[in-house]
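Naming convention: chains lettered A, B, ... in sequence-line order (proteins, then strands); numbering from 1 in each chain.
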Amino acid sequence: MIFSNELINWYRINKRDLPWRNTTDAYLIWLSEIILQQTRVEQGMPYFLRFSEQYPTVKNFAAASEDDILRMWQGLGYYSRGRNMLKTAKVIEQSFNGIFPTAYADLIKLTGIGEYTAAAISSFSVNEAKAVVDGNVYRLLARYFGIDTPINTGKGKKQFQEIADELINPANAAEHNQAMIEFGALQCKPKNPNCEQCPFITSCFAYQHKKVNELPVKLKKLKIRERYFYFFLAIKEGQILIKRRGNEDIWAGLHDLPSIEFIEQTSLDQLFVDQNFQDWFSGDPIIHSVSDQIKHILTHQRIYARFVHIEHINPEFTQENGWFWVNIDDVSQFGQPKLIFEFLKNFFKLY
DNA sequence: AATGCGTGGCT
DNA sequence: TAGCCAAGCAT
């Protein structure tokens with residue numbers, strides 16, 4: 001409890017004033033926590049403000065369409081968060097009478113809510129004594145106690161959760177959890193932590209043993225997948241051809257352009273050879289290069305994209321593929337990956 | 001248990 | 001600059 005009291009003292013002096021900290025509304029806390037998963041505060045903030053304005057209650061959220069949600073989520077990444085939120089909002093409407101649950105045991109059953117988020121909502125809203133363990137807490141605990149168990153293993157997760165559970169202050173779970181997270185974010189940062197002005201400088205194992213830069217330990221790393229896309233711009237009478245992406249791959253459920261993917265670098269000439277364009281066009285195929293290769297780096301993929309303008313596309317073929325025409329002025333109404341809407345924005349001077 | 005899922009900032 | 005990391009979760 002000494003640790004917790006010291007930590008909370010630090011928190012009261014140093015905490016940021018963030019909008020989701022001025023409420024005990026479980027719905028708004030849920031909204032903020034989902035948005036902030038793997039996402040920096042500065043990046044998530046405008047989305048939180050827009051969503052809380054547009055959907056002030058879980059009832060409003062549940063009444064939205066998936067297209068509405070994906071459009072508002074556009075540019076934030078990890079789009080399944082948005083789809084899962086809609087599913088959960090509907091469950092709360094139907095099974096919880098529209099009252100957002102606050103008990104950890106209820107929350108953990110909902111889609112999109114895992115151990116961290118269930119602990120965050122239950123502690124922040126009603127002070128339930130469940131310890132949050134996120135990236136900040138892993139780092140703080142690994143350094144303070146000198147634990148070198150890799151944080152991304154089952155053993156590590158279990159070990160760190162147990163320590164966090166022992167450390168929590170049951171009388172003030174909300175502030176304790178907030179303080180753990182905020183301390184990791186502001187003081188015990190991944191790079192260049194502010195050890196010189198740290199209240200735990202004398203008791204921190206990592207600082208005393210000069211292992212601050214070695215902790216926490218994380219096993220790595222995944223192979224990067226290289227992908228090469230051609231995206232096609234078919235434009236006719238103020239309209240452009242778009243499609244919805246499937247549910248399997250990256251950017252599931254979002255909209256993009258008709259496209260062809262290669263597993264290796266492929267020239268525009270080679271595209272003609274490799275691709276049987278016979279069904280695509282009703283007249284002579286016309287293809288103009290529009291962009292140079294665009295390199296788009298994701299966490300586990302490197303995407304190389306080229307945009308080409310095509311003419312004389314076959315209307316029947318587009319229909320069979322589920323492609324459809326939309327007014328160019330309306331294209332921003334369809335949720336798209338960053339790569340696509342940035343290109344269209346520049347191409348049409350839209351948005 | 002291991003993998004897939006976005007985008008952006010930092011070094 | 002190429003890699004790491006950010007208020008994780010689902011499968």
Side-chain H-bond candidate by donor/acceptor type, A/R21 with A/Q178, under 3.5 Å: yes
Whole-Å P distance, B/dC5 and C/dA2: 23 Å
Touch class at under 4.0 angstrom, heavy-atom based, for A/L18 against every strand present: base
List the atom pairs, donor and acceptor, that lie under 3.5 Å between side-chain atoms in residues 52-62 of chain A and the rest of the protein, sequence neighbours left out.
| from | atom 1 | to | atom 2 | distance (Å) |
| --- | --- | --- | --- | --- |
| A/S52 | OG | A/F48 | O | 2.8 |
| A/S52 | OG | A/L49 | O | 3.2 |
| A/T57 | OG1 | A/K59 | N | 3.3 |
| A/T57 | OG1 | A/N60 | N | 3.2 |
| A/T57 | OG1 | A/N60 | OD1 | 2.9 |
| A/K59 | NZ | A/E93 | OE1 | 3.0 |
| A/N60 | OD1 | A/T57 | N | 3.1 |

Selection: residues 131-166 of chain A, any non-hydrogen atom under 4.0 Å of DNA chain B: A/G154
Sugar-phosphate, base or nothing in reach of A/E42, heavy atoms under 4.0 Å: nothing
5′-ward residue of the pair A/K191/A/Y79 relative to DNA chain B: A/Y79
Span of DNA chain B in contact with chain A (heavy atoms, under 4.0 Å): B/dA1 to B/dT11
Transitive ILVMFWY cluster of A/V212, excluding itself - 4.5 Å side-chain cut-off: A/I201, A/Y207
Counterpart residues, side chain to side chain contact (heavy atoms under 4.5 Å, CB included), relative to A/P101 (two or more places apart): A/I92, A/F96, A/D106, A/L107, A/L110
Spacing between A/F124 atom CZ and C/dA7 atom P, to the nearest angstrom: 12 Å
side-chain N/O A/T117 vs C/dC9 OP1/OP2, d < 4.0 Å: yes
Residue whose nearest DNA chain B nucleotide is more 5′ - A/K338 or A/H300: A/H300
A/R16 CZ to C/dA6 P, straight-line distance once rounded to whole Å: 13 Å
For atom CD of A/E115 and atom P of C/dA7, their distance in whole Å: 18 Å
Touch class at under 4.0 angstrom, heavy-atom based, for A/S80 against every strand present: nothing
Listed once per pair and sorted, the ring pair (Phe, Tyr, Trp, His ring centres under 6.0 Å) pairs that draw on residues 134-171 of chain A, sequence neighbours left out: A/F3-A/Y144, A/Y138-A/F160, A/Y144-A/F200
Test applied, side-chain hydrogen bond (donor to acceptor under 3.5 Å, both in side chains); reference residue, A/R227; option that passes from A/H296, A/E261, A/E264: A/E261
Nucleotide C/dA7, atom P - distance to CD of A/E182 in whole Å: 10 Å
Within residues 26-35 of chain A, residues whose heavy atoms come under 4.0 Å of DNA chain B: none
Rounded distance (Å) that lies between atom P of C/dA10 and atom CZ of A/R83: 13 Å
Between A/R81 and A/N84: side-chain donor-acceptor atoms closer than 3.5 Å: no
Touch class at under 4.0 angstrom, heavy-atom based, for A/G75 against every strand present: sugar-phosphate
Residues clustered with A/I286, ILVMFWY side-chain links under 4.5 angstrom: none
Sugar-phosphate only, base, or nothing, as touched by A/W20 at under 4.0 Å among non-hydrogen atoms: base
Other cluster members, A/I310 - Ile/Leu/Val/Met/Phe/Trp/Tyr, side-chain contacts below 4.5 Å: A/Y228, A/Y230, A/F232, A/L241, A/I260, A/F262, A/L268, A/L271, A/F272, A/F277, A/W280, A/F281, A/I287, A/Y304, A/V308, A/I313, A/F317, A/W323, A/W325
Interatomic distance at P, C/dA7 relative to C/dG3, whole Å: 22 Å
Contact under 4.0 Å: A/Q37 side-chain N or O vs C/dA7 OP1/OP2: no
Value in whole Å for how far the C1' atom of C/dA10 lies from CD1 of A/I113: 13 Å
Of residues 240-258 of chain A, the positions that come close to DNA chain B - non-hydrogen atoms, cut-off under 4.0 Å: A/E248, A/D249, A/I250, A/W251
Closest contact, heavy atoms only, A/K338 versus A/Y79: N-OH, 4.3 Å
Length of the line joining A/L36:CG and C/dC9:C1', which is rounded to integer Å: 15 Å
Among C/dA2, C/dC5, C/dA10, the one nearest A/P190 by side-chain distance: C/dC5
Ring pair (Phe, Tyr, Trp, His ring centres under 6.0 Å) involving A/H288 - partner list, sequence neighbours excluded: A/H309
Heavy-atom pair with the smallest gap, counting every atom of A/E128 and A/T102: OE1-O, 3.7 Å
Euclidean distance for P, C/dC9 against B/dG8 (whole angstrom): 22 Å
DNA chain C: 5'-proximal contact among A/Q43 and A/A118 (nearest heavy atom): A/Q43
The single option from A/R302, A/H300, A/Q301 passing side-chain contact (heavy atoms from CB on, under 4.5 Å) against A/R225: A/Q301
Residue A/R40, side-chain heavy atoms: nucleotide from C/dG8, C/dA7, C/dC5 that is nearest: C/dC5
Shortest non-hydrogen contact between A/N127 and A/A173, atoms and distance: OD1-N, 3.1 Å
Salt bridge (Lys or Arg N to Asp or Glu O under 4.0 Å) against A/D256, all qualifying residues, sequence neighbours excluded: A/K243, A/R245
Atom P, compared across C/dC4 and B/dT3: separation rounded to whole Å: 15 Å
Protein-nucleotide distance (A/L219, atom CG; C/dC5, atom P), rounded to Å: 12 Å
Modelled atom types, side-chain donor and acceptor of A/E342 and A/N346, under 3.5 Å: no
